[in-house]
Protein chains: 2
Amino acid sequence: MKKENEQQRKIRVFFVEDYLLIRKSLVHILNKAPDIEVIKDFVSAEQCLKELETTQVDIVIMDLGLPGINGLEATQKITKLYPEIKVIILTSHENENEVLAAMSMGAKAYCLKEIESETLYTVIRQIQKGALWIHPQVADFASKTMPKPNSTNFDNLYTQAKDFDLTEREKEVLKLVVEGKSNTEIAEEIVISTHTAKAHVGNILAKLSVTDRVQAAVKAVRSGLI
Amino acid sequence: MKKENEQQRKIRVFFVEDYLLIRKSLVHILNKAPDIEVIKDFVSAEQCLKELETTQVDIVIMDLGLPGINGLEATQKITKLYPEIKVIILTSHENENEVLAAMSMGAKAYCLKEIESETLYTVIRQIQKGALWIHPQVADFASKTMPKPNSTNFDNLYTQAKDFDLTEREKEVLKLVVEGKSNTEIAEEIVISTHTAKAHVGNILAKLSVTDRVQAAVKAVRSGLI
DNA sequence: ATAAAATATAGCCATTTGGCTAGTGTTAAA
DNA sequence: TTTAACACTAGCCAAATGGCTATATTTTAT
């Protein structure tokens, strides 16, 4: 059925990546697949969004860490404005939160740049068919937190993922922990008792799933929380 | 003169870049130049260094931010062991210190991944002829601090900028500190006494000019040391 | 209105931390 | 050869940490 359609029509792709050299090389690689066609490539998400107003594509492949509108925001915008378009994240970020955030923004795939080109072709084809795909290397933490595919619950993932459910006060304390402050210093700074400071730190450790303040600080910094 | 040599012999290149997809695409792009040949490409600097023992090349193109030995250390090793080999840094880091460090490590060129492929070909050809090249976008701060091409003054740049003068052992310990390990755990992990572990941590704190391991960890992460 | 959080406080206790001084053995540079 | 840096070990001590249980007030949802 519909032989020409399914086998002859190429998968139309937009590609967003800020570094020229990488962009051009990847476009080249992508176009080597007989059934994939990079219609246009963009330095920024803004340009891509602009072009989407007039051009129909099947898939947008998007880097995270773009200048201006970042890949996550762009993904959200695209999936909201054009639900039929599938967004594939292609990035080097192995960050847990980024994966969760991207998927909750509506991305259909999360690929690390580790990926082999042949696998990438396959992923693109699978996504085109409606699949979801997450790179094995980051799939474990994604699967944990992604039980219900209902959007209500998903929307919070981004904030939850980035916030670790910390309260305002706890974020305040965590910031001071990252500065290397002791519980006593923290207590002085925000005018609470040392007991309270300790309690806050303890709760922070629990919420971040770590066992000491060093790990908490590192996690906070690495996840961009602080 | 020597028409065949200069025009027919291709520039032999090693290419080091950890992300498979990017590596393969760039190799492809590089090989499109008629006078450039990527002999081999590597995921890690270690592998590249190993291969250099047996294979002669003109140029090594190197990413920064590699796993294991990073691009800067590798550059230093290469230029020390094989002064005739020119190292080209190809990275996305626009960091001032990285540029200075790379050049002081003996790199001959510092290219951002922004670069156009045609320009990259030109740079490679220029470098092969003995030139130095720094990407316009980062050239300004490089030129400021690069007055004396004598190595004495330059050698410190790297350590001052990134290393905090840590010894190998201390870096090893610092990595474990960042992982949130206690002194006891560190001692177990690298098989030393807890006393030694404590001593190392103490020395690290002093060298990083901080007063506790949290600050050390944060500083290590933020400065990209770990 | 009631339950559920967030915030704050308190004490106990084993363990860890960081600063300090004081050594030993090894290796590399002056 | 001697100095200097590195790696390692050791003990002391006051302070800090993290886990624990318990309580009370306030804010926020339902």
Side-chain angles (χ1 to χ4, degrees), chain A residues 152-153 155-156 159-160 162-220 225, chain B residues 73 76-77 80-81 151-156 158-160 162-220 225:
Chain A
T152 342
N153 217 342
D155 291 341
N156 304 325
T159 31
Q160 278 179 20
K162 284 211 66 161
D163 270 338
F164 296 101
D165 258 333
L166 294 184
T167 67
E168 280 310 308
R169 200 55 158 173
E170 285 162 351
K171 276 187 248 174
E172 208 176 339
V173 171
L174 179 53
K175 194 174 290 177
L176 297 170
V177 169
V178 170
E179 288 171 21
K181 300 259 164 74
S182 72
N183 291 332
T184 316
E185 290 170 321
I186 292 171
E188 279 169 11
E189 187 127 348
I190 61 177
V191 198
I192 53 178
S193 79
T194 50
H195 295 101
T196 311
K198 276 184 64 174
H200 281 313
V201 172
N203 294 331
I204 292 169
L205 298 189
K207 287 188 181 176
L208 298 203
S209 320
V210 295
T211 53
D212 65 69
R213 60 211 293 120
V214 178
Q215 291 170 21
V218 169
K219 195 158 188 171
L225 220 169
Chain B
E73 291 179 64
Q76 188 178 36
K77 287 209 169 98
K80 211 164 202 170
L81 292 169
S151 55
T152 342
N153 216 344
F154 251 135
D155 290 342
N156 304 326
Y158 177 57
T159 33
Q160 280 178 18
K162 282 210 66 165
D163 252 359
F164 299 102
D165 260 331
L166 294 184
T167 66
E168 280 309 308
R169 199 53 155 174
E170 285 162 353
K171 275 187 247 176
E172 208 177 339
V173 171
L174 179 53
K175 194 174 291 178
L176 296 171
V177 169
V178 170
E179 288 171 21
K181 299 258 165 72
S182 72
N183 291 332
T184 316
E185 289 169 322
I186 293 172
E188 278 169 12
E189 187 126 348
I190 62 177
V191 198
I192 53 177
S193 81
T194 51
H195 297 285
T196 310
K198 276 185 63 175
H200 281 314
V201 171
N203 293 332
I204 291 168
L205 298 189
K207 288 189 180 176
L208 299 203
S209 322
V210 295
T211 54
D212 65 70
R213 61 213 289 120
V214 178
Q215 291 171 19
V218 169
K219 195 157 190 171
L225 220 169

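Below, read A as the first sequence line, B as the second, and so on, with proteins coming before strands; counting in each chain starts at 1.
The distance from atom CG of D212(A) to atom P of dG18(C) is 11 Å, rounded to the nearest whole Å. Note: CD1 (I204(B)) to C1' (dG19(C)) measures 15 Å, nearest angstrom. A straight line from NE2 of H195(B) to C1' of dA22(C) spans 13 Å, rounded to a whole angstrom. Note: CG (L166(A)) to C1' (dA5(C)) measures 14 Å, nearest angstrom. Taking atom CZ on R213(A) and atom P on dT17(C), their separation rounds to 12 Å, with Å as the unit. In this structure, NZ of K198(A) is placed 12 Å from P of dC12(C), rounded to the nearest angstrom. As rounded to whole Å, 14 Å separates atom P of dT16(C) from atom CD of Q215(A). Regarding H200(B), its NE2 atom lies at a distance of 17 Å from the C1' atom of dT17(C), rounded to whole Å.
A donor-acceptor contact shorter than 3.5 Å is absent between the side chain of K219(B) and the backbone of V210(B).
DNA chain D is contacted by both A197(B) and A199(A); A197(B) maps to the nucleotide lying nearer its 5′ end (nearest heavy atom per residue).
A distance of 9.0 Å separates CG of L174(B) from CD of E170(B), quoted to the nearest 0.5 Å. The distance from atom CG of D212(B) to atom NZ of K181(A), rounded to the nearest 0.5 Å, is 10.5 Å.
Taking a heavy-atom distance under 4.0 Å as the criterion, the stretch of DNA chain D touched by chain B extends 5' to 3' from dC6(D) to dC12(D).
The side chain to side chain donor-acceptor pair (under 3.5 Å) test with N183(B) is passed by exactly one of K198(B), E188(B), R213(B): R213(B).
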Please test H200(B) against I186(B) for side-chain contact (heavy atoms from CB on, under 4.5 Å), starting from the C-alpha separation and ending with a verdict. CA-CA 10 Å; H200(B) 281 314; I186(B) 293 172; over 6 Å; no
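Within the 4.0 Å cut-off from OP1 or OP2 of dT17(C), at least one side-chain nitrogen or oxygen of N183(B) is found. Residue K171(A) places no side-chain N or O under 4.0 Å from the OP1 or OP2 atom of dT7(C). Contact between the side-chain N/O atoms of T196(A) and the OP1/OP2 oxygens of dT9(C) is found at a separation under 4.0 Å.
The pair K171(B)-E168(B) counts as a salt bridge, with a side-chain nitrogen and a carboxylate oxygen less than 4.0 angstrom apart.
Atom NZ of K175(B) sits in a sparse spot, with 12 or fewer heavy atoms from other residues, nucleotides or ligands closer than 6.0 Å.
Taking every side-chain heavy atom of E168(A) into account, dT7(C) is the closest of dA10(C), dT7(C), dG18(C).
The residue T194(A) sits apart from the nucleic acid: no heavy atom pair falls under 4.0 Å.
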